[in-house]
Chemist: 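Quick one: the structure is below, and I'll ask about it shortly.
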There are 2 protein chains.
Amino acid sequence: MTDPRAVTRAGGPRAAQAKGTAQAPAEPLPVPPWRPRPREIRARTPISLERIVDVALAIVDAEGTEGVTMRRVANELGTGPASLYAYVDSREELLQRVHERVIEEVPFPDFDALGWQEGVRQFALSCHDVYRRHADIALLSFADIPTTAKSLQGAEDLLASMLRGNVPVHVAAWALDRISLYIAADAYEGWLMQVRFGGATPEESEELGRAYFDQVGDFFASLPRERFPMMTSHLQEMMEGDGEERFRFGIDMFIAGIASQVPNQVPN
Amino acid sequence: MTDPRAVTRAGGPRAAQAKGTAQAPAEPLPVPPWRPRPREIRARTPISLERIVDVALAIVDAEGTEGVTMRRVANELGTGPASLYAYVDSREELLQRVHERVIEEVPFPDFDALGWQEGVRQFALSCHDVYRRHADIALLSFADIPTTAKSLQGAEDLLASMLRGNVPVHVAAWALDRISLYIAADAYEGWLMQVRFGGATPEESEELGRAYFDQVGDFFASLPRERFPMMTSHLQEMMEGDGEERFRFGIDMFIAGIASQVPNQVPN
DNA sequence: TCTACTAGCGAACAGTGTTCGCGTCAAGTA
DNA sequence: TACTTGACGCGAACACTGTTCGCTAGTAGA
């Protein structure tokens, strides 16, 4: 059974963000047959797929995907839950569309200028950043193959950049897949932690987080030294670093791992 | 804000599996204050926390965590949902206990004999394998710090093995955290794909999966060549490899990344 | 034996995603 | 312009969900 996840699950606009480059004429791309087509309905009310996704995204940002209820989205649009099913087959599909919207936000770096290592790094950080700003939406990226024009262009550019840097084809293709998985996983985990701390304000949340980590540190410090000599003596190093630092550390390990597979070139 | 995830979220028995080494006297470890203590109740019925977890785990294995309903678990035990709340604070806590049970299954390799690189590899594969056998339970490992004796021992041994191999302390600590995240993410994604294919029997599922991947391949093949030269010309390589191969590829990239940080030693 | 307590749980609450089928209104035809 | 047609909109209901309340009943201790 082969696996098509070589295409990164995270995408974004090619250049439309930083530079003022004119958009391509947007020749329509083929339609992926495995995901539902947007319904084509002549709206008679102010509701539309776009507005539904708008509302759902706002709820996700405020409370996470769990807060997205058909009733609630419908209410916010002044109607009942049944009306949404004209535009969307299920809650699941609605959330997929929200995810699709979110990944369009990811800006793509100038791969030509940066070289593949820094290009991959920048992409990963941007993508992670976007996910972190949208609660637990990263969870929707698992096992998903993005097929929007922007996503595809991003994957193409990333791939081209790596190939130009002599990364073997199969390494480049698979590495993109693996890195995307890692990005989504970390973003989701970050959201989970943030939620666990609770706290109405960011400061309160920060304080509760610190209290939690203190507890964890105390727990590990209290382990019997003779049975856990490494963990107790290196507790300091284990507890160091915030989420962002750890994320970057992982990305850099990935990049170093890829670099070690580039022929005729010393990894460091 | 520091972050305690240096401790791997996946754990397992030290040697109790392969070798016949006598178990340690099991001196009680400190109790982590941040997670709920098992209720201490004198059961008057055949239900107990252990039996509840048994039933829940069986449901997870058969259908995934979504199938675990309080009513259903209760029914299977011949009682009503309210009875479960004497042993467990919430459905969430029940699933956490199921996860705790599952990670106890992970066997630990003989790190002393293998060296850190092969040790990490074996551990990752074992852990992944266990998760893959228990539906989407890997999702419960996100943002979780396992604190069972076995898990802690596993983390200790893994850490010790890497330090013996001259991996810098902070690299070893963080790497364990990152690799654990990657393992869980891939296991979860694997389950999602499996579910997407549906199919009652494994053969049927395999066939549906193949059909799905064919669709995806066709889609990418149908992209305009001039706009997506890399993806269209390297489709073969992108589609190659099943989930397991890709997982191993990622682990090996991680290991190579760590190795590149070992001083006084050529990575390959 | 009597009391005090607590494990066990039936019933209910406040939600959830989704479906059915009826009204209604706009477009297409005569 | 009048009529017919059909699809959109959505109120109401279905079959669930996690969780709580407070009553019943049986055991442990006095």
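Order of the sequence lines sets the chain letters (A, B, ...), proteins ahead of strands, with each chain counted from 1. Values in this document were obtained by computation on a predicted structure and should not be read as measured data.
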Chemist: Sequence neighbours left out, what pairs pass side chain to side chain donor-acceptor pair (under 3.5 Å) with at least one residue falling in residues 81-92 of chain B?
Modeler: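 Every side chain to side chain donor-acceptor pair (under 3.5 Å) pair that includes a residue of residues 81-92 of chain B, provided the two are not neighbours, is B:T79-B:S83.
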Chemist: When you look at A:H128 and A:Y182, which way does the side-chain hydrogen bond (donor to acceptor under 3.5 Å, both in side chains) test go after all the steps?
Modeler: CA-CA 10 Å; A:H128 186 254; A:Y182 170 72; over 6 Å; no
Chemist: Let me see the working for B:W191 and B:Y131 under ring pair (Phe, Tyr, Trp, His ring centres under 6.0 Å), right down to the final yes or no.
Modeler: CA-CA 9 Å; B:W191 180 79; B:Y131 275 143; over 10 Å; no
Chemist: How about A:F197 and A:F213: are their ring centres within less than 6.0 Å of each other?
Modeler: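 Ring-ring flag for A:F197/A:F213: true, centres closer than 6.0 Å.
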Chemist: Restricting to salt bridge (Lys or Arg N to Asp or Glu O under 4.0 Å), what partner residues turn up for B:E156, sequence neighbours left out?
Modeler: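 Expected list: none.
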Chemist: Would you please say whether a donor-acceptor pair under 3.5 Å links the side chains of B:E104 and B:T148?
Modeler: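 Distance-only check passes for B:E104 and B:T148.
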Chemist: Give a yes/no answer on whether the side chain of B:S83 brings an N or O atom under 4.0 Å of OP1 or OP2 in C:dG8.
Modeler: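 Answer no for this pair, as no side-chain N or O of B:S83 is under 4.0 Å from OP1 or OP2.
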Chemist: Tell me the interatomic distance from A:E63, atom CD, to C:dT16, atom P, rounded to whole angstroms.
Modeler: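 Distance check: A:E63 CD to C:dT16 P gives 11 Å.
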Chemist: Which of residues 66-74 of chain A sit near DNA chain C, with a heavy atom under 4.0 Å from it?
Modeler: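 Result for residues 66-74 of chain A: A:V68, A:T69, A:M70, A:R71, sorted by number.
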Chemist: What side chain to side chain donor-acceptor pair (under 3.5 Å) pairs are there with at least one residue in residues 50-65 of chain A, not counting sequence neighbours?
Modeler: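 Qualifying pairs: A:D54-A:R101, A:D61-A:H134, A:E63-A:R72, A:T65-A:D136.
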Chemist: Give the B/S/- string for nucleotides 19-27 of chain C, one per nucleotide from 5' to 3', where a protein heavy atom under 4.0 Å of the base yields B, of only the sugar-phosphate yields S, and otherwise -.
Modeler: BB----BS-
Chemist: Indicate whether OP1 or OP2 belonging to D:dC10 is found under 4.0 Å from a side-chain N or O atom of A:T79.
Modeler: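 True: A:T79 side-chain N/O within range (under 4.0 Å) of D:dC10 OP1/OP2.
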Chemist: According to side-chain hydrogen bond (donor to acceptor under 3.5 Å, both in side chains), who are the partners of A:Q194, at least two apart in sequence or on a separate chain?
Modeler: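 Residues passing side-chain hydrogen bond (donor to acceptor under 3.5 Å, both in side chains) with A:Q194: A:R132.
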